[in-house]
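Right, one structure below, let's go through it.
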Amino acid sequence: MNDMSIEVPPPGFFIKEELDARGWSQSDLAYILGMSVQQVNPILSGKRAVSTEMAKALGEAFDVAPEFFSNMQTSYDHYKAASPDPAIAKRARLQESFPVREMIKREWFQDVGDVTLLEGQFLRFFSKKNIEAIPFLSHAAKKTSYSEKVSPSQFAWLYRVHQIAADLQVGSYSRAKLQKLVDSELPSLMIAPEEIRYVPELLASCGVRIVFVEKLPQAKIDGVCFWERSKPVIGMSLRHDRIDNFWFVLRHELEHVLQGHAKREEIIDDLDGENSSETADIPEEERVANSAAGEFCVSRAQLKSFIARKHPYISEKDVLGFARRLGVHPGIAVGQINNYRQEHAFLRKHLVKIRGYILPYAPSDGWGDVFPVEL
């Protein structure tokens, strides 16, 4: 039963009062309704609910709207109903902010019936001491630095990257070694998708950790950069499973590392549309990273010259020759040409998938696999 302080009687109580006011007996009411006294008594005693049909019949008998009796029955039903399990509101609060069921499916949480245990898993996952300290779950009106910049799904994805990166052992970070890697070694891997498998080991040799985590639903995210224990971490979602996107996002995040960005707070990157531009109204550090990524994939000068010379018609043979001269896979050239011209259907067959080439050689979570994390 609920704990309402005001008792709500059944509709039969009011029907009896109306009978008394009219000087009618229960037998009179039964006669008017065309029913037996035995059929009317349970309604008057509250043992039988007033159905929709009965509400209409009583409305005719007493010359009032049927809703008068229906509403009384509804009020009585609510009064008699047991109070809902408090866990319902708690689960709704968690699901309203975070994709809980997807996180359970991905085995970030265990599927437990006790909501207190579920909240405990949230605290361990986000490394907080109370639920109110988790961004997006606080009842306080003030916004956190996270809630102003990222979505809950992006925030949860970010924390998974943090958890996996924390267990990875790499040497000391060397900016000089990373710059040399970016300038001379990584470009040699851009000729074929299978060469991508060497990226995690090469980055680790420079003291850079890289983690791949499948994006959560509604999380528009390509990559993240942050520093942990004086060492940089790069996270990638591979949401666009294409060779051109892989190299652009990776080089974008590496520029954040080389420039020392994200040392105070994580930089989460959604590089779709204008977010990958070098001229759009975006933060300066993002323009710098976009410029470096674009130049790394295909020299801006060579790209513009090629398009100008071949305009208005660029053949597949032209693109293959251009990629060969640059020493990159055709898909990288196609991706940069499409991005420059904003014609994303051009030669898409060359935008090969790379996930199968990188995940077996790197710390990854999602796509049907779970990275073991001790919370």
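Position 1 is the first residue of the sequence, and the numbers go up from there. The structure presented is a predicted model; accordingly, all values stated were derived computationally and were not measured.
- Expressed to the nearest 0.5 Å, how far CZ of F246 lies from SG of C297 amounts to 10.5 Å.
- S276 contributes no side-chain N or O that, together with a main-chain N or O of D272, makes up a donor-acceptor pair within less than 3.5 Å.
- Atom CG of D241 sits about 10.5 Å away from atom OH of Y357, to the nearest 0.5 Å.
- E265 is not listed as a side-chain neighbour of F226, based on a closest heavy-atom distance of 4.5 Å or more.
- The existence of a salt bridge linking R93 and E96 is excluded, since no basic side-chain nitrogen approaches an acidic carboxylate oxygen closer than 4.0 Å.
- In this structure, H329 and I191 have side chains that are not in contact, with every pair of non-hydrogen atoms separated by 4.5 Å or more.
- The neighbour count for Q342 CD, taken as heavy atoms of other residues, nucleotides or ligands under 6.0 Å away, is above 12.
- For the pair R300 (side chain) and V298 (backbone), a donor-acceptor distance under 3.5 Å is present.
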For residues 213-224, which side-chain N or O atoms pair as donor and acceptor with protein atoms under 3.5 Å away, sequence neighbours left out?
unit_1 : atom_1 : unit_2 : atom_2 : d
E214   : OE1    : W367   : N      : 2.5
D222   : OD1    : R239   : NE     : 3.0
D222   : OD2    : R239   : NE     : 3.4
D222   : OD2    : R239   : NH2    : 3.0
D222   : OD2    : L271   : N      : 2.7

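- Expressed to the nearest 0.5 Å, how far CD of E286 lies from OG of S291 amounts to 12.5 Å.
- For T74 and D77, the side-chain atoms include no donor-acceptor pair closer than 3.5 Å.
- At a threshold of 4.5 Å between non-hydrogen side-chain atoms, the residues V319 and I337 count as touching.
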Only distances under 3.5 Å count here; give the side-chain donor-acceptor pairs of residues 168-175 to other protein atoms, sequence neighbours excluded, each with its distance to 0.1 Å.
unit_1 : atom_1 : unit_2 : atom_2 : d
S174   : OG     : K177   : N      : 3.1
R175   : NE     : L258   : O      : 2.7
R175   : NH2    : L258   : O      : 3.2

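- No more than 12 heavy atoms of other residues, nucleotides or ligands lie within 6.0 Å of CD in E274, so this atom counts as exposed by the packing criterion.
- Between F371 and S364 the shortest side-chain heavy-atom distance does not fall below 4.5 Å.
- The closest donor-acceptor contact from the side chain of D85 to the backbone of I88 lies at 3.5 Å or more, if one exists at all.
- Judged purely by distance below 3.5 Å, without hydrogens or angles, the side chains of Q121 and R124 never pair a donor atom with an acceptor atom.
- Between F109 and F98, a ring centre-to-centre spacing not shorter than 6.0 Å is recorded.
- The main-chain N or O of R242 is never found under 3.5 Å from a side-chain atom of H240 such that the two would form a donor-acceptor pair.
- Counting heavy atoms from C-beta outward, E255 and E285 have side chains that stay 4.5 Å or more apart.
- Residues R160 and W108 meet the side-chain proximity criterion, which asks for heavy atoms closer than 4.5 Å.
- Rounding to the nearest 0.5 Å places CG of L238 at 5.5 Å from CZ of F212.
- Summarising the geometry, atom CD belonging to E17 is positioned 7.5 Å from atom CG belonging to D20; distances are rounded to the nearest 0.5 Å.
- With contacts defined as side-chain heavy-atom distances shorter than 4.5 Å, the pair Q336/F248 qualifies.
- Scanning both residues, P232 and G207, for their nearest heavy atoms gives CD-O, 3.5 Å.
- Salt bridge absent: K56 and E60 never bring a charged side-chain N and a carboxylate O closer than 4.0 Å.
- By the 6.0 Å and 45° rule, R251 stacks over the aromatic ring of F296.
- Connectivity analysis of hydrophobic side chains (ILVMFWY, heavy atoms under 4.5 Å, direct or indirect) links F69 to F13, F14, I15, L19, W24, L29, Y31, I32, L33, M35, V40, I43, L44, V50, M54, L58, F62, V64, F68, M72.
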Check residues 348-356 and write down every donor-acceptor pair under 3.5 Å in which the side-chain atom is one partner and the other belongs to a residue at least two apart or another chain.
unit_1 : atom_1 : unit_2 : atom_2 : d
R348   : NH1    : H344   : O      : 2.9
K349   : NZ     : E316   : OE2    : 3.1
H350   : NE2    : E316   : OE2    : 2.8

When you look at L254 and L186, which way does the side chain to side chain contact (heavy atoms under 4.5 Å, CB included) test go after all the steps? CA-CA 11 Å; L254 286 174; L186 288 185; 3.7 Å; yes
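- Side-chain N or O atoms of Q39 include one that pairs as donor or acceptor with a backbone N or O of S36 at under 3.5 Å.
- To the nearest 0.5 Å, atom OG of residue S151 and atom CH2 of residue W157 are 11.0 Å apart.
- Atom CZ of R22 sits in a crowded spot, with more than 12 heavy atoms from other residues, nucleotides or ligands closer than 6.0 Å.
- The main-chain N or O of S25 is found under 3.5 Å from a side-chain atom of D28 such that the two form a donor-acceptor pair.
- The minimum heavy-atom distance between A165 and V233, with the atom names listed, is CB-CG1, 3.6 Å.
- Side chain to side chain, Q179 and D183 meet the donor-acceptor criterion of an N or O pair below 3.5 Å.
- In terms of modelled atom types and a separation under 3.5 Å, the side chain of R209 and the main chain of I164 share no donor-acceptor contact.
- Taking both residues in full, the closest heavy atoms of N275 and N290 are given as O-ND2, 2.9 Å, listed atom of the first, atom of the second, then distance.
- Contact annotation: the side chain of K310 never approaches that of I307 to less than 4.5 Å [non-hydrogen atoms, C-beta and beyond].
- For residues 252-278, every residue pair satisfying the ring-ring contact (aromatic ring centres under 6.0 Å, His included) rule, not counting sequence neighbours, is listed here: H252-H256, H256-H261.
- A donor-acceptor pair under 3.5 Å is absent between the side-chain atoms of S305 and the main chain of A301, judged by distance alone.
- Looking only at distances, a side-chain donor or acceptor of S184 sits under 3.5 Å from a matching main-chain atom of K180.
- Membership of an apolar cluster is not assigned to I282, as no side-chain contact below 4.5 Å to another ILVMFWY residue is traced.
- Under a 3.5 Å cut-off, the side chain of N338 and the backbone N or O of F346 do form a donor-acceptor pair.
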